[in-house]
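Values below: every heavy atom of this structure, side chains too, minus hydrogens, waters and symmetry copies. Computed from a prediction, not measured in an experiment: that's the story for all the values here.
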Amino acid sequence: MLQAISVPSTCILYPRSRCFGQRNPGSTRLCLRASLLDNNDRFKVEYTPWLIVGLGNPGNKYHGTRHNVGFEMIDQISRQEGIPLNTIQSKALIGIGAIGEVPILLAKPQAYMNFSGESVGPLAAYYQVPLRHTLLIYDEMSLPNGVMRLQPKGGHGHHNGVKSVMGHLDGCHEFPRLCIGIGNPPGAMDMRAYLLQKLSLVEQNQIDAALEQGVEAIRTLVLNGFNQKITRFNLGQKYKYHKV
């Protein structure tokens, strides 16, 4: 069952001595944090949360289309990490959980692609998530189908969903993003028609395999940041269809 939430009056408690959503004194905003306790019940480590947003269009009409691979990645993370998407907040379907000890907020904006920022901006502000921990996942035509790229920052690349997000983050572009390749439209095919077209069976199989690899890359990013493993991930993606 979905829940619509407003400003909560209590903490959202999480197992293993973690507390998400503890208020800061004198603030009406929720602060998404995870704190581990040592043996003497003293705060030991506090983890900065991650907001992980997949872009797409809501409704069965758009399920399985190229423009919705960002939604598919969020669903994959939800399944593998056991984080139910069961709450509506800021025009988005969200779920709160953790990867390892790090708290994460999964989100699928429900206001259609071109208005995605109406969810991302308010969620980042409400949970006080810094830009460097706001991961955006979306489709990318400049990459072959099923090829991904994980970057610490970048432009909008004429992607209307990314444009909307940047507009609601005060024009900032220094947030990480995971681009999922969908390839270019064939011949003179209209771009909008291509984006809203269902993936073929072969294409969907390539995307499904990519989602598995993407979840592992996101785990690495959340737990260790942009390290050599992410560099190797990007290199492997770049040449994944090249036969030696």
Within the 4.5 Å heavy-atom criterion, are [X] and [Y] side-chain neighbours or not?
{"X": "Lys229", "Y": "Glu216", "value": "yes"}
{"X": "Val53", "Y": "Ser119", "value": "no"}
{"X": "Asn68", "Y": "His63", "value": "no"}

Query raised in the report: When hydrophobic residues are tied together by side-chain contacts of less than 4.5 Å, even through go-betweens, does Leu178 share a cluster with Ile230?
Result: yes
Which atoms form the tightest heavy-atom contact between [X] and [Y], and what is the distance?
{"X": "Leu123", "Y": "Ala92", "answer": "CD1-CB, 4.0 Å"}
{"X": "Asn57", "Y": "Phe71", "answer": "O-CE2, 3.5 Å"}
{"X": "Leu169", "Y": "Gly121", "answer": "CD2-CA, 4.1 Å"}
{"X": "Asn145", "Y": "Leu199", "answer": "OD1-CD2, 4.0 Å"}
{"X": "Tyr194", "Y": "Ile182", "answer": "OH-O, 2.5 Å"}
{"X": "Ile137", "Y": "Ile52", "answer": "CD1-CG2, 3.7 Å"}

Query raised in the report: Looking at Arg232, Arg149, Gln213, which hits side chain to side chain contact (heavy atoms under 4.5 Å, CB included) with Gln237?
Result: Gln213
About how many Å separate [atom2] of [Y] and [atom1] of [X], when rounded to the nearest 0.5 Å?
{"X": "Asn114", "Y": "Leu55", "atom1": "CG", "atom2": "CG", "answer": "10.5 Å"}
{"X": "Asn227", "Y": "Phe233", "atom1": "CG", "atom2": "CZ", "answer": "12.0 Å"}
{"X": "Leu135", "Y": "Leu106", "atom1": "CG", "atom2": "CG", "answer": "10.0 Å"}
{"X": "Ser200", "Y": "Ile207", "atom1": "OG", "atom2": "CD1", "answer": "10.0 Å"}

Query - Any residue meeting side-chain hydrogen bond (donor to acceptor under 3.5 Å, both in side chains) with Gln197, in chain and number order, not counting sequence neighbours - result: Arg66
Report task. Tell me, with the steps shown, if Asp208 and Gln204 meet side chain to side chain donor-acceptor pair (under 3.5 Å). Result -> CA-CA 6 Å; Asp208 290 343; Gln204 186 63 63; 2.9 Å; yes
Taking atom [atom1] of [X] as the centre, report whether more than 12 heavy atoms of other residues, nucleotides or ligands fall under 6.0 Å from it.
{"X": "Lys240", "atom1": "NZ", "answer": "yes"}
{"X": "Phe115", "atom1": "CZ", "answer": "no"}
{"X": "Met191", "atom1": "CE", "answer": "no"}

Query raised in the report: Does any pair with a residue in residues 131-153 pass ring-ring contact (aromatic ring centres under 6.0 Å, His included), and if so which ones, sequence neighbours excluded?
Result: Trp50-His133, Tyr138-His159
